[in-house]
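Keep in mind the model is a prediction, meaning the values are calculated, not measured.
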Amino acid sequence: MAHVVVLGAGVGGTIQAYELKEALGRDDTVTVISNKPYFQFTPSNPSAGIGLRTQDQITIDLAPVMERRGIEFICDGAVKLDPEANTIHLQSGREVSYDYLVIATGPDLAFDEIEGFGPEKYTHSVCQIEHAAASGDKWDDFCANPGPIVVGAVQGASCFGPAYEYVMSIDTDLRRRKIRDKVPMTFVTPEPYIGHLGLGGVGDTKGMLESIMRERSIRWVTNAKTDRFEADKIHVTECDEDGQPKKTHEIPFSYAMMLPAFRGIPAVMGIEGLVNPRGFVIVDEHQRNPAYPNIFGIGVCIAIAPKEPTPVPTGVPKTGFMIESMVTATAHNIAQILEGGEPREMATWNALCLADFGDDGAAFLAMPQNPPRNVNWAAQGRWVHWAKLAFEWYFMRKVRRGVSEPFYEKFMMRFMKINKLKDGRG
């Protein structure tokens, strides 16, 4: 009988618990630890950031769902992981022991690395539903007294999709309110070009997103290193292809949302062999940590090296379907170990993304996510907006039901030849 603990209950951790419950034996137990009592559908945070979603609409109380699935749920924050003792120390003073641990915490948001940055200072955020809801609450006030807007990401950021979604959704909402002409908009990013996305682009995302931004009169600064924020302006150094300063910008704003760089959570920071210097969990091709083989890592919290250098540092995004492939591989691998074998499964890290722009959107399919790829496709259309809304409804329903992958999802993924495991299985 084994006790498997999942630390974190986001898009990866919640589904991981469900898949473990299905994959493990009847006598094995699964426990989920999260510092929040609810699951949040993070992909909809950009919509919440302008009041198009409420916190209640995109969160689910986890305790009753986990109880129905026979999973223990502990709402408590992790203070320190002790991998030598197989123990997690929690904020309440409680200690939880495990036989196997899956770290699925997501990131710590590094707002403190730049002066004046973050929701406690001069900028808004859509990284967490609490931040996005607070931004949404203030959006009407901004629209009553509009001014310049700055959206984008700072150096070291890795998840650029929400910034593109947010700037386009803002543009759409301002046009609906017929005040777009009163709002100059600038997109600031460390990417070497628009549409790089931390991935070297997907299909023709460069041409497609540049065209959309020109059409919507959104200016941009690429290769941008953000120096500091003041109450009404951002200070940016634009770099050349060698990463050397090329031009400085002082861009005024009445409203700003910039994505931060990520790092590992404090509870795992500095554990030699488990994490890298930024606190991201080191894993092998089986999602397993080499130094502590009873610890696995999935999602945004794991270390993935960039595939190409960029003049200003950018990270590698960990997208939704990519994370789900890590989940499936991890569940199978732990089950194989408990049966006396060795882990065999490797996640495909395929990426299927829907970016909602409020009226239309962009879709990306990268197989695998990081180049070189077997499939490299991007498209734009109104259908993406509706597909994103349908996906939100579907994923929330899946979480409420406590199901990791209904049969019709497996059928559709196989029909589209998008697999989670490298042997071609879903």
Side-chain angles (χ1 to χ4, degrees), residues 2-8 10-13 15-17 19-20 23-24 28 30 81-86 88 98-107 158 198-199 262-265 267-308 315-351 366-374 419-426:
H3 181 210
V4 183
V5 172
V6 180
L7 183 59
V11 170
I15 300 302
Q16 183 72 79
E19 291 214 16
L20 284 167
L24 302 185
D28 300 318
V30 178
L81 171 63
D82 184 350
E84 300 290 345
N86 296 331
I88 305 168
Y98 58 83
D99 296 305
Y100 293 89
L101 172 66
V102 182
I103 301 176
T105 58
S158 57
L199 297 169
F262 293 161
R263 62 192 171 205
I265 65 167
V268 302
M269 191 69 75
I271 301 176
E272 186 175 355
L274 179 68
V275 298
N276 69 9
R278 288 288 291 181
F280 292 111
V281 179
I282 300 166
V283 297
D284 63 15
E285 67 270 25
H286 304 295
Q287 307 301 134
R288 191 184 199 184
N289 178 254
Y292 299 97
N294 65 334
I295 297 180
F296 292 73
I298 64 165
V300 180
C301 70
I302 72 168
I304 302 178
K307 293 298 181 182
E308 61 180 14
V316 179
K318 292 94 172 183
T319 56
F321 191 80
M322 177 187 183
I323 294 172
E324 288 196 65
S325 73
M326 298 180 200
V327 165
T328 297
T330 299
H332 285 292
N333 285 332
I334 292 176
Q336 287 161 6
I337 293 169
L338 292 178
E339 291 170 358
E342 287 295 316
R344 301 187 302 271
E345 308 297 351
M346 293 183 286
T348 56
W349 289 13
N350 291 332
M367 298 173 59
Q369 174 172 285
N370 298 329
R373 304 183 179 108
N374 298 313
N419 300 306
K420 291 181 179 179
L421 302 178
K422 284 195 173 180
D423 63 0
R425 292 183 290 124

Where the side chain of [X] meets the backbone of [Y], is there a donor-acceptor pair that is under 3.5 Å apart?
X    : Y    : result
Q287 : A329 : no
Q369 : P317 : yes
N350 : N419 : yes
S325 : M322 : yes

Straight-line distance of [X] [atom1] to [Y] [atom2], nearest 0.5 Å:
X    : Y    : atom1 : atom2 : result
K422 : T348 : NZ    : OG1   : 8.0 Å
I103 : I298 : CD1   : CD1   : 10.5 Å
M346 : T328 : CE    : OG1   : 14.5 Å
N276 : R263 : CG    : CZ    : 13.0 Å
T330 : E19  : OG1   : CD    : 9.0 Å
L274 : I282 : CG    : CD1   : 7.0 Å

side-chain hydrogen bond (donor to acceptor under 3.5 Å, both in side chains) partners of [X], counting only residues at least two apart:
X    : answer
T105 : none
Y98  : none
N333 : none
D28  : none

Considering residues at least two apart in sequence or located in another chain, which fulfil the side-chain contact (heavy atoms from CB on, under 4.5 Å) criterion with [X]?
X    : result
V300 : P107, F262, K318, I323
A305 : none
D99  : A2, H3
E342 : R288

Hey, are the side chains of [X] and [Y] touching, using non-hydrogen atoms and a 4.5 Å cut-off?
X    : Y    : result
M326 : I302 : yes
V316 : S158 : no
E345 : H286 : no
Q16  : V30  : no

Practice problem: Would you mind telling me which of V4, L81, V6 makes a side chain to side chain contact (heavy atoms under 4.5 Å, CB included) with L101? | Solution: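 Single side chain to side chain contact (heavy atoms under 4.5 Å, CB included) partner of L101 among V4, L81, V6: L81.
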Quiz item: With sequence neighbours left out, which residue pairs that include part of residues 274-284 fulfil the salt bridge (Lys or Arg N to Asp or Glu O under 4.0 Å) condition?
Solution: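 Qualifying pairs, neighbours excluded: E113-R278.
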Exercise. Can you tell me which residue pairs pass the salt bridge (Lys or Arg N to Asp or Glu O under 4.0 Å) test with a partner in residues 290-300, sequence neighbours excluded?
Key: none
Heavy-atom pair of closest approach, residues [X] and [Y]:
X    : Y    : answer
G273 : A291 : O-CB, 3.5 Å
Y292 : E84  : OH-OE2, 3.0 Å
A331 : A23  : O-CB, 3.9 Å
I271 : A267 : CD1-O, 4.0 Å

Exercise. Could you walk me through whether Y100 and L20 pass side chain to side chain contact (heavy atoms under 4.5 Å, CB included), step by step?
Key: CA-CA 11 Å; Y100 293 89; L20 284 167; over 6 Å; no
Exercise. With side chain to side chain contact (heavy atoms under 4.5 Å, CB included) as the test, would you mind laying out the steps for V11 and I15 before giving the verdict?
Key: CA-CA 7 Å; V11 170; I15 300 302; 5.6 Å; no
